[in-house]
*Asks:* 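To start, I am sharing the structure in question, which I have written as structure tokens.
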Amino acid sequence: MRARLLASTTILAGVLAAGVTRAQEAAAAPPHPFRDVAQEAGITFRQSSTPEKKYILESMPGGLALLDYNNDDLLDIYFVDSLTVEGASDPKAARSALYKNLGDMRFADVSEEAGVAFPGWGMGACVADVDGDNWQDLFVTTVGDDRLYRNRGDGTFEDITEKAGIVTGGWSTGCGFADYDRDGDLDLFVSRYVHVDLNNLPEFGKGKFCVFRGVEVQCGPRGLPGSGDLLFRNNGQGRFTEVGLVAGVSDPEKYFGLGISWFDSNADGWLDLFVANDAGPNFLYKNRRDGTFEEEAFPAGVAVSEDGSEQGNMGVAVGDYRNEGRFSLFISNFAEEYNVLYGNGGDYFTDESFRSASASASMPFVGWGTTFLDYDNDGWLDLIIVNGHVYPQMANVKRGGSAGYQQRKLFYRNRRDGTFEEIGEQLGPEFTDHRVSRGLALGDLDNDGRLDLVINSLDGSPQILHNELPSPGNWLLVKLEGRGQLTDAIGAIIRVTVGEQHLTRLVRSGTSYLSQEDMRQHFGLGASQTADSVEVRWPDGSITVRKNVAANQIFVVRQETD
């Protein structure tokens, strides 16, 4: 039996004796640990949308990104907006929004002066310092031409997409930067969804795949042609070359790609790539260490559900929820298909969805943005999923297990034994409120050691869920500063040791559903005032260790130079 009796901190009173159970904690839990502060924070953004959602393009947006675009150590927020079929000819019919963090949970809209207000029909976003100048750049996926915005370092961005050689077209969805070939610069993967012709769209409610439970709805994705995925290799000097086919990640079957994640699935020191495919089998591309990949989702156990069914895979969360040093995968799915948790056993993954008690509660919901988080700083990763149907026509249809069109969030608290308890309805109006949510991003917006949540939704305003847990455990927020072109240290693995607990996190570009989390990595330390060690395995394989690190600080680790 693993030693999981490390004392941690209660969410009310501080120190929690090892023998106290999660049920006892729940009885003492404050009813509203999160509070929506979007309005008082100055967030006025609203996703462009049509009420009927007659076309699938209008149901899938939109993502968001958390980034520190001005290097003031405060997270800023970029909300991606989308056009509509009716307004598709006017690229300024929808306005994405960059909000500058002013401190004290106040934000100011700087979208147009920053030059990132009008990327077109936006879908999602990911972040990285692409050119190694210590300023975070922004990539936006779209229906049409994706955008790479280079951060000039003066509060403005320059569209360098064409100059960088990034040519996409079609319908791009997920994205993420990583140094997959370990040559010292960042490459870019872009997943793509359905092939669309705006002048020849399928007619609403007409056809086999345009009816849901007897109700006429939008068509797709089944029955529509898919699109292959793209991998852009960084050639240095600010140029990229598309190498998806050569590298083996182009998706010649043209499945419907959505969420993606770069992570080292087998602990060999090289980044692999997971792609969540809607209405089809997922991909797990194992890195061959020669610039190519082998697709091994079926033998690895992450292609389909436990019963062999293809699912409506959308958002992706990566985390070591069992504190075993291995990254497991959680995928949000369509209604009646259950969200799937693939536990990483080392050599292969196992569908732990029902065994972990996370599957049953998800059945009525359509899941999108998702992430692992330690919301109470007890050293164990909890889990959130935001939900909302794709068909407005389901608003008053709740037969067959459907939760309707607008849906509540799901929140799973980690029981520390490989299982979860779904407590969303106990967390107050921010979680019981029914919305049509899509993108989700996690980060500490006010640097107080408590993780906050930002959610982008259709048919309504976004949410800024400020974590106001009165007495969480101690914490560390680890910020990495890599060397050379890899200043963000994307792909680095951080391990924090506290007594007998070993907490593992991964720095990633591209998270959740078409979104970007804070790249600083958060660790709950429970009752401990000190982390025994902080170990960083950098993207090039080198290791840095710091001992006896005091809790409750933003701890910066810089990679040593040769």
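All values below were derived from every heavy atom in this structure, side-chain atoms included, with hydrogens, water molecules and symmetry-related copies excluded. FYI, the numbering just counts along the sequence from 1. All figures in this text were calculated on a predicted structure; none of them were measured in a lab.
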*Asks:* State the CG-CZ distance between D104 and F107, to the nearest 0.5 angstrom.
*Replies:*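 Rounded to the nearest 0.5 Å, the CG-CZ separation comes to 10.5 Å.
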*Asks:* Between D129 and W135, is there a side-chain donor-acceptor contact under 3.5 Å, judged purely by atom types and distance?
*Replies:* no
*Asks:* Tell me whether D109 is salt-bridged to R95, with the criterion being a basic N under 4.0 Å from an acidic carboxylate O.
*Replies:* yes
*Asks:* Hey, does the side chain of R150 reach the backbone of D131 with a donor-acceptor pair shorter than 3.5 angstrom?
*Replies:* no
*Asks:* Could you give me the CA-CA distance, side-chain angles and deciding distance for Y513 and V386, then say whether side chain to side chain contact (heavy atoms under 4.5 Å, CB included) is met?
*Replies:* CA-CA 10 Å; Y513 176 73; V386 300; over 6 Å; no
*Asks:* Any sub-3.5 Å donor-acceptor pair from D229's side-chain atoms to R192's backbone N or O?
*Replies:*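 The answer is yes, because a donor-acceptor pair under 3.5 Å joins these two groups.
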*Asks:* Using atom types as modelled and distance alone, determine if a side-chain donor or acceptor of N313 lies under 3.5 Å from a backbone N or O of D278.
*Replies:*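 No, because the side chain of N313 does not come within donor-acceptor range (under 3.5 Å) of the backbone of D278.
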*Asks:* Is the closest side-chain heavy-atom distance between K100 and N70 below 4.5 Å?
*Replies:*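 SC-SC contact between K100 and N70 confirmed.
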*Asks:* Quick one: pull up CG in L186 and CD in Q485 and give me the separation to the nearest 0.5 Å.
*Replies:*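 Answer for the CG-CD pair, L186 versus Q485, is 8.0 Å.
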*Asks:* Determine whether more than 12 heavy atoms belonging to other residues, nucleotides or ligands lie under 6.0 Å from atom CD of Q39.
*Replies:* no
*Asks:* Could you go through the side chain to side chain contact (heavy atoms under 4.5 Å, CB included) check for F118 and D90 one step at a time?
*Replies:* CA-CA 10 Å; F118 302 108; D90 180 5; over 6 Å; no
*Asks:* Answer with yes or no after comparing the ring centroid distance for F45 and Y99 against a 6.0 Å cut-off, counting only values under it.
*Replies:*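 Ring-ring flag for F45/Y99: false, centres at least 6.0 Å apart.
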*Asks:* Could you tell me whether the side chain of Y78 reaches within less than 4.5 Å of the side chain of V140, counting heavy atoms only?
*Replies:* yes
*Asks:* To the closest 0.5 Å, what do you measure between CD (Q218) and CE (M60)?
*Replies:*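 Q218 CD to M60 CE: 8.5 Å, rounded to 0.5 Å.
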*Asks:* Does one side chain, of D36 or H466, offer a donor that lies under 3.5 Å from an acceptor on the other?
*Replies:* no
*Asks:* Scan side-chain atoms only and decide if R520 and N447 contain a donor-acceptor pair under the 3.5 Å cut-off.
*Replies:* yes
*Asks:* Check whether any side-chain heavy atom of F177 sits under 4.5 Å from a side-chain heavy atom of V127, and report yes or no.
*Replies:*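 No. Closest side-chain heavy atoms not under 4.5 Å.
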*Asks:* Under the 3.5 angstrom rule, does the side chain of W475 hit a backbone N or O of R450 as a donor-acceptor pair?
*Replies:* no
*Asks:* Looking only at the side chains, is there a donor atom on one of Q47 and S457 sitting less than 3.5 Å from an acceptor on the other?
*Replies:*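 There is no such pair (donor and acceptor under 3.5 Å, judged by atom type) between the side chains of Q47 and S457.
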*Asks:* Less than 4.5 Å apart, side chain to side chain, heavy atoms only: is that true for P462 and F79?
*Replies:*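 Of all side-chain heavy-atom pairs linking F79 with P462, at least one is under 4.5 Å.
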*Asks:* Give a yes or no on whether the backbone of D459 and the side-chain of R435 come within a donor-acceptor separation of less than 3.5 Å.
*Replies:*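 Checked: no pair found.
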*Asks:* Drop me the distance from D382's CG to L373's CG, to the nearest 0.5 angstrom.
*Replies:* 5.5 Å
*Asks:* Donor-acceptor pair, distance only, cut-off 3.5 Å: does the side chain of S111 make one with the backbone of L98?
*Replies:*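 Confirmed, S111 side chain pairs with L98 backbone.
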*Asks:* So, the side chain of S512 versus the backbone of L440: is there a donor-acceptor pair under 3.5 Å, distance only?
*Replies:* yes
*Asks:* Under 4.0 Å between a Lys/Arg side-chain N and an Asp/Glu carboxylate O for R152 and E113?
*Replies:* no
*Asks:* What I want to find out is whether D433 reaches K409 closely enough, with some N-O distance under 4.0 Å, to be called a salt bridge.
*Replies:* no
*Asks:* Check this for me, if you would: do K53 and E58 make a salt bridge, where the nitrogen-to-carboxylate-oxygen distance has to be below 4.0 angstrom?
*Replies:* no
*Asks:* Under 3.5 Å, is there a donor-acceptor pair between the T50 and K54 side chains?
*Replies:*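 Result is no, nothing qualifies.
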*Asks:* Classify the ring geometry between F411 and F34 as parallel (under 30°), tilted (30 to 60°) or perpendicular (over 60°).
*Replies:* tilted
*Asks:* Run the side chain to side chain contact (heavy atoms under 4.5 Å, CB included) check on N339 and I331 step by step: do they pass?
*Replies:* CA-CA 6 Å; N339 297 330; I331 319 300; over 6 Å; no
*Asks:* In plain terms, say whether E158 and K163 are close enough for a salt bridge, that is, a side-chain N and a carboxylate O under 4.0 Å apart.
*Replies:* yes
*Asks:* Any side-chain donor-acceptor pair under 3.5 Å between D540 and Q559?
*Replies:*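 The answer is yes; a qualifying pair exists.
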*Asks:* Locate the shortest heavy-atom distance separating L64 from G439; write the atom from each residue and the value.
*Replies:* CD2-C, 3.4 Å
*Asks:* Stepwise, does the side chain to side chain contact (heavy atoms under 4.5 Å, CB included) test hold for L458 with R438?
*Replies:* CA-CA 7 Å; L458 296 177; R438 294 294 184 259; 3.7 Å; yes
*Asks:* Using 4.0 Å as the upper bound for N to carboxylate O, is an ion pair formed by R537 and D264?
*Replies:* yes
*Asks:* Cut-off 3.5 Å, side chains only: do W538 and T544 have a donor facing an acceptor?
*Replies:*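 W538 vs T544: donor-acceptor pair found between side chains.
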*Asks:* Check for a donor-acceptor pair, side chain of T142 on one end and backbone N or O of D145 on the other, with a separation under 3.5 Å.
*Replies:* yes
*Asks:* May I ask you to test the V130-F240 pair for a side-chain heavy-atom distance under 4.5 Å?
*Replies:*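 Heavy-atom side-chain distance check passes, below 4.5 Å.
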*Asks:* Would you kindly say whether D272 and S265 are connected by a side-chain donor-acceptor distance under 3.5 Å?
*Replies:* yes
*Asks:* Quick one about T487 and E481 (side-chain donor to acceptor, distance below 3.5 Å, no hydrogens or angles considered), yes or no?
*Replies:* no
*Asks:* A side-chain contact here means heavy atoms from C-beta on lying under 4.5 Å apart; do I494 and Q521 qualify?
*Replies:*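 Yes - at least one pair of side-chain heavy atoms lies under 4.5 Å apart.
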*Asks:* Taking D444 for the side chain and G449 for the main chain, is one N or O donor matched with an acceptor at less than 3.5 Å?
*Replies:*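 Yes, D444 side chain to G449 backbone: donor-acceptor pair under 3.5 Å.
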*Asks:* Do N387 and H434 have a side chain donor and acceptor closer than 3.5 Å?
*Replies:*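 Not at all, the side chains of N387 and H434 share no donor-acceptor pair under 3.5 Å.
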*Asks:* Can you give me the closest heavy-atom contact between L138 and A125, atom names plus distance?
*Replies:*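 Minimum heavy-atom separation between L138 and A125: CD1-CB, 4.1 Å.
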*Asks:* Compute the ring centroids of H389 and F334, then answer whether they are less than 6.0 Å apart.
*Replies:*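 Yes, close enough.
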*Asks:* With a 4.5 Å heavy-atom cut-off, do R147 and F139 have their side chains touching?
*Replies:*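 A side-chain contact under 4.5 Å is absent here.
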*Asks:* Over all heavy atoms of both residues, which pair between T168 and G144 is shortest? Give the atoms and the distance, please.
*Replies:* OG1-O, 3.7 Å
*Asks:* Verify whether the ring centers belonging to Y180 and F293 lie closer than 6.0 Å.
*Replies:* yes
*Asks:* Counting N and O atoms only, with roles assigned by atom type, does the side chain of S332 sit under 3.5 Å from a partner on the main chain of W368, one being a donor and the other an acceptor?
*Replies:* yes
*Asks:* Please name the residue in the list D179, D183, D185, D187 that meets the salt bridge (charged side-chain N to carboxylate O under 4.0 Å, His left out) test with R233.
*Replies:* D183
*Asks:* Calculate, to the nearest 0.5 Å, the distance between atoms CD1 and CG belonging to I554 and L477 respectively.
*Replies:* 5.5 Å
*Asks:* Is a side-chain donor-acceptor pair under 3.5 Å present for E517 with T371?
*Replies:*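 A donor-acceptor contact under 3.5 Å links the two side chains.
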*Asks:* Show the nearest heavy-atom pair for residues L188 and C126, with the distance to one decimal.
*Replies:*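 That closest heavy-atom pairing would be CD1-SG, 4.4 Å.
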*Asks:* Do other residues, nucleotides or ligands put more than 12 heavy atoms under 6.0 Å from the CD atom of E86?
*Replies:*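 Incorrect, the count does not exceed 12.
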*Asks:* Identify the two heavy atoms, one from A128 and one from S509, that lie closest to each other, and give their separation to 0.1 Å.
*Replies:*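 Between these two residues, the closest heavy atoms are CB-OG, 4.4 Å.
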*Asks:* Work out which heavy atom in S59 is nearest to a heavy atom in V390; give both atom names and the distance.
*Replies:* OG-O, 3.0 Å
*Asks:* Report the distance from atom CG of L74 to atom CE of M105, rounding to the nearest 0.5 Å.
*Replies:*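 L74 atom CG to M105 atom CE measures 10.5 Å (nearest 0.5 Å).
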*Asks:* Taking atom types as modelled, find out whether S82 and S48 have a side-chain donor-acceptor pair closer than 3.5 angstrom.
*Replies:*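 No, S48 and S82 have no side-chain donor paired with an acceptor closer than 3.5 Å.
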*Asks:* Are V243 and F232 close enough that some pair of their side-chain heavy atoms sits under 4.5 Å apart?
*Replies:*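 A side-chain contact is absent here, since even the closest heavy-atom pair is not under 4.5 Å.
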